[in-house]
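Working notes, structure below.
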Amino acid sequence: MALITADRDRFPNDPWKLVETSHAPGNAGALETLFALGNGHLGIRGAHWAAADAELPGSFINGFHEIWDIKHAENAFGFARTGQRILYIPDANNFAVTVDGETLSLAESVVLDYRRSIDFSTGAYECRVVWQCRSGATVTTVERRAVGFESRGCLGISLELSADRPVSADVTSSVINRQDQPVDDHSAHDPRRAGRHAGRVLLPGKLDGGDGSLRLSWEAAESKQRVGIAVDHWTSAGHQPFDTQVDQDESSVRYVLAVGADEPFRLEKSVSYAVAGGTSEGLPGTADAEAGEEPADAAEAGLKTVAEVFAESEAHYRDYWATTDIKVGGQSELQQAIRWNLFQLAQATARAGVAGIPAKGVSGSGYEGHYFWDQEVYLLPYLTYSNPDGARQVLEFRHEMLPEAKIRAKELSVDGALFPWRTINGLEASAYYAAGTAQFHIAAAIAFAANRYVWASGDAEFRSGMGADLLIETARMWASLGFFGKDGMFHIHGVTGPDEYTAVVNDNLYTNVMARFNLRAAAALDHPEIDDAERQLWEAAAARIQLPFDEHFQIYSQDNDFMTLEAWDWTTPRSKYPLLLHFHPLVIYRHQVLKQADTVLAMFLQWQEFTPEEKRRAFDFYDPITTGDSTLSACVQGIMAAEVGYPKAALEHFTNAAFIDLDDSHGNTIDGVHIASTGGVWSSLVCGFAGLRDQGPVPYFDPRLPGEWDSLSFHLKLQGRLLSVDLDPAGITLRVLEGEPLDIDVRGRVHAVGGDSVRVALDPVEVPEPSVFPSGPPTASIPVVRARA
């Protein structure tokens with residue numbers, strides 16, 4: 001059921017804001033995600049300040065986690081040993097407001113007017129509520145929040161209270177250790193949700209406070225990571241705190257005062273976090289405090305005023321939107337959704353530093369804060385072309401994991417490096433190997449992202465250093481994982497591709513196609529570590545790699561046995577989706593049904609390796625049997641629908657992707673933003689509708705603008721230039737705003753693009769006649785291809 005689009009009175013369409021104009025019970029957790037703030041390092045969920053009005057409040061720091069020993073019911077060699085889970089850091093967004101003896105809450109008090117918003121242009125959250133108090137007074141509260149960017153560990157919060165007559169006010173500002181609060185475990189039977197720890201996790205360190213200031217720190221019981229927080233309060237008219245309490249689980253500063261009709265009370269709360277050490281010492285993104293330094297002291301040194309934090313946020317987004325905005329003409333509702341998705345990408349990546357990007361960014365605890373292949377395949381395209389330095393930092397983070405990846409490779413009897421499927425600290429944390437460790441394709445994703453970054457940035461130092469290391473060690477893994485069979489072909493057996501509904505198979509097409517790329521890219525390096533014998537092995541493996549093909553249907557098979565599987569029963573009711581929550585994996589594995597794009601994704605990423613006819617027939621076959629149970633799928637299906645000439649399907653898939661979280665279409669937005677999908681929205685616009693393809697001789701565009709759109713415009717940071725791209729129904733206009741001229745291929749013709757605009761006229765794309773394959777209608781995907789105009 002739709003959330004935002006279902007009630008446009010409550011959630012009016014604003015191209016630069018997400019706005020809520022009335023409060024209603026239900027969906028509080030999902031809205032806490034939608035109104036969250038973050039900078040890639042620090043995140044705070046968009047919960048209301050009163051405890052009674054919050055469902056799943058909390059704050060997070062990227063990479064701050066706890067570990068534990070995984071207990072397997074039946075153990076085996078090489079199983080993941082160390083569980084890792086992102087922790088709720090002590091949360092500063094808590095107030096209790098009592099007016100004339102009445103504690104204000106949306107759940108219990110009379111609300112005359114309500115409006116909250118998050119401003120994409122400034123990064124500011126604001127919630128304004130007008131209350132009708134039982135005493136007869138009309139009281140207005142306004143809370144505002146922002147996170148820092150130059151000072152990435154800082155948070156600024158202000159709360160203003162005004163009244164139409166003199167009132168007695170009692171305001172308490174708290175810091176709450178939510179990690180050790182008793183809560184229901186929502187993780188049962190849903191692997192997407194984060195579990196909870198049985199014992200106490202955060203052990204208190206420094207607990208100091210007085211006169212409105214707090215200096216607190218904790219240490220994670222097992223990972224030994226430490227977090228410190230410093231909080232200062234400032235009030236209008238210099239009101240002094242009535243009381244300051246300090247405790248390991250809840251510390252507070254309380255103000256008791258009279259508020260006059262013409263004298264609003266304003267409370268500003270400056271917050272600074274610092275983390276350090278533990279089992280992640282030396283890993284990227286974990287050390288703010290110096291070795292041996294008390295984290296609370298480091299946090300204190302980083303304190304900024306509330307005004308400074310808001311100014312940092314506004315300045316960051318002013319620069320961000322100047323080169324990262326994507327404008328769609330004539331589609332105001334989509335424009336809001338596009339900017340919300342771009343805003344989430346900034347919040348997940350902007351100040352992460354040399355660290356990974358969790359699957360939920362810093363907006364929630366879903367997927368336990370782990371890093372997956374999502375960041376290389378779905379996020380790094382956006383970062384590479386909008387924030388190349390940020391893209392390099394993510395790749396540096398992977399490079400830092402090479403020692404652990406080499407050890408893991410030896411555990412699985414392969415050479416080179418085997419990166420963990422899901423991790424925080426570099427160790428494999430996926431306890432279900434069939435849908436985890438077996439996804440060897442993460443190695444090619446990392447190599448592919450490194451190659452794309454080098455191609456798009458021209459970073460020679462990275463190419464010859466860390467980039468070469470990543471390509472070489474992953475190529476060594478593929479060469480030892482696969483083998484030359486009796487047929488003379490190179491096979492890779494016992495793997496799982498992107499589609500987790502088909503696990504542990506032989507010659508998964510996506511895996512083999514991406515491994516081929518990886519082997520070729522490594523073999524092309526001029527590097528002293530590569531001898532002639534190794535280079536020849538890689539070249540031979542790439543040249544003879546097995547790509548399963550079904551002669552009857554004339555399509556590439558997802559793996560050697562996929563075309564022999566029983567068709568899924570497409571009369572399965574919609575209530576039984578996602579299938580992973582209602583059917584044993586073995587039931588799903590023996591059927592011809594996809595969780596997400598697999599072969600189709602391979603044809604997008606390796607676009608030069610397949611003919612238009614091969615891509616179209618593959619899309620026609622796989623799209624109808626793809627459930628879309630994964631949020632990683634709609635964007636890819638939309639991109640390929642655009643390429644093969646199905647504009648209606650492309651727009652439907654794109655719209656689904658753009659509103660995955662805004663409409664909570666997968667029912668788990670409460671756990672955090674689907675960050676990979678937001679990256680997919682960027683790719684859908686740039687690679688789908690504008691038709692960008694990279695890593696060829698020159699940048700290539702083959703636009704597919706939807707007929708309903710008036711225009712599409714964006715910028716790319718490409719090979720040291722800032723490229724402006726403007727698309728309308730009649731043509732594409734290209735211009736280099738910064739840097740030297742650049743050769744660009746538009747539909748097979750190369751144009752020299754410089755400071756003057758180059759206009760290329762575009763002929764309409766003919767909609768082909770779809771292939772017809774015997775299958776029943778899907779119940780979860782969008783309409784079947786053959787039913788489209």
Side-chain angles (χ1 to χ4, degrees), residues 3-4 7 10-12 14 16-62 86 88-89 91-95 105-107 114-129 141-148 154-159 174 176 178 269 271 309-310 313 317 336-337 339-348 350 358 360-366 659-664 668-675 678:
L3 177 58
I4 298 299
D7 188 349
R10 182 182 174 193
F11 301 102
D14 186 312
W16 282 103
K17 292 181 180 179
L18 180 64
V19 180
E20 183 186 24
T21 61
S22 63
H23 174 73
N27 299 116
L31 292 173
E32 289 168 2
T33 293
L34 300 186
F35 284 93
L37 294 177
N39 59 21
H41 173 71
L42 170 66
I44 176 171
R45 287 176 58 77
H48 290 288
W49 46 260
D53 302 324
E55 182 173 354
L56 194 62
S59 298
F60 304 92
I61 286 177
N62 184 3
I86 195 170
Y88 286 80
I89 59 173
D91 181 30
N93 181 47
N94 309 281
F95 296 96
S105 78
L106 298 169
Y114 171 97
R115 179 184 177 90
R116 71 166 163 171
S117 64
I118 193 161
D119 189 330
F120 311 146
S121 67
T122 63
Y125 169 101
E126 180 175 295
C127 183
R128 180 180 184 275
V129 185
T141 59
V142 180
E143 187 197 16
R144 301 185 75 234
R145 307 171 199 154
V147 295
C154 287
L155 167 68
I157 306 175
S158 68
L159 179 67
S174 302
I176 297 177
R178 298 197 181 281
K269 190 173 187 176
V271 183
V309 173
F310 273 83
S313 180
Y317 283 107
Q336 182 193 41
R339 286 207 178 105
W340 183 87
N341 279 272
L342 294 174
F343 182 65
Q344 297 310 317
L345 285 169
Q347 296 204 125
K360 300 292 185 180
V362 283
S363 65
S365 62
F659 286 95
I660 276 173
D661 284 313
L662 289 169
D663 277 346
D664 195 14
N668 63 342
T669 295
I670 184 175
D671 297 320
V673 175
H674 293 86
I675 292 299
T678 66

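A quick note: this is a predicted structure, and the numbers were derived from the prediction, not measured.
The two residues A52 and A107 make their nearest non-hydrogen contact at O-CB, 4.4 Å. Nearest approach of L345 to I675, heavy atoms of both residues: CD2-O, 4.2 Å.
Residues satisfying the side chain to side chain contact (heavy atoms under 4.5 Å, CB included) criterion with A47, sequence neighbours excluded, are E32, A54, P57.
A side-chain donor-acceptor contact under 3.5 Å links D664 to the backbone of T669. Listed for the S117 side chain is no donor-acceptor partner under 3.5 Å among the backbone atoms of L18. Side chain of D7 to main chain of R10: a donor-acceptor pair is present (N/O by atom type, distance under 3.5 Å, no hydrogens or angles). A donor-acceptor contact shorter than 3.5 Å is absent between the side chain of R144 and the backbone of F310. With T33 contributing its side chain and I670 its backbone, the two residues share a donor-acceptor pair below 3.5 Å. Without hydrogens or angle criteria, D671 side chain to S365 main chain gives no donor-acceptor distance under 3.5 Å. Remark: the backbone N or O of L56 is paired with a side-chain donor or acceptor of R45 at under 3.5 angstrom. Not one N or O on the side chain of S174 forms a donor-acceptor pair closer than 3.5 Å with the backbone of N94. Using modelled atom types, no side-chain atom of N62 and backbone atom of V362 make a donor-acceptor pair closer than 3.5 Å. A donor-acceptor contact shorter than 3.5 Å is absent between the side chain of S313 and the backbone of A146.
The CD atom of Q336 sits 7.0 Å away from the CZ atom of F659 when rounded to the nearest 0.5 Å. Rounding to the nearest 0.5 angstrom, the gap separating the CD1 atom in I61 from the CD1 atom in I44 is 11.5 Å. From L3, atom CG reaches atom CG of D661 across 10.0 Å, with rounding to the nearest 0.5 Å. Here the straight-line distance linking atom CZ of F11 with atom CG of D663 works out to 10.0 Å at 0.5 Å rounding.
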Stepwise side-chain contact (heavy atoms from CB on, under 4.5 Å) test for F120 and I118 = CA-CA 6 Å; F120 311 146; I118 193 161; 4.0 Å; yes

After noting the C-alpha distance and the side-chain angles of E20 and Y114, does the key distance pass the side chain to side chain donor-acceptor pair (under 3.5 Å) rule?
-> CA-CA 8 Å; E20 183 186 24; Y114 171 97; 2.7 Å; yes

So V673 and Q347, side-chain contact (heavy atoms from CB on, under 4.5 Å) or not? Walk me through it.
-> CA-CA 10 Å; V673 175; Q347 296 204 125; over 6 Å; no

Please step through side-chain contact (heavy atoms from CB on, under 4.5 Å) for the pair I4 and W340, ending with a clear verdict.
-> CA-CA 12 Å; I4 298 299; W340 183 87; over 6 Å; no

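Exactly one of V271, N93, N39 qualifies for a side chain to side chain contact (heavy atoms under 4.5 Å, CB included) with L155. That residue is V271.
One finds a salt bridge joining E143 and R145 here, because a Lys/Arg side-chain nitrogen approaches an Asp/Glu carboxylate oxygen to under 4.0 Å.
The side-chain hydrogen bond (donor to acceptor under 3.5 Å, both in side chains) contacts involving residues 49-60 comprise S59-D91, where partners must be two or more places apart or lie in separate chains.
Counting only heavy atoms from C-beta outward, the side chains of Y317 and D119 never approach each other to under 4.5 Å. Side-chain contact between V129 and R116 is absent, with no heavy-atom pair separated by less than 4.5 Å.
Ring planes of H23 and H48: perpendicular class, angle over 60° (limits at 30 and 60°).
F60 does not carry K360 over the face of its six-membered ring by the limits of under 6.0 Å from the centre and within 45° of the normal.
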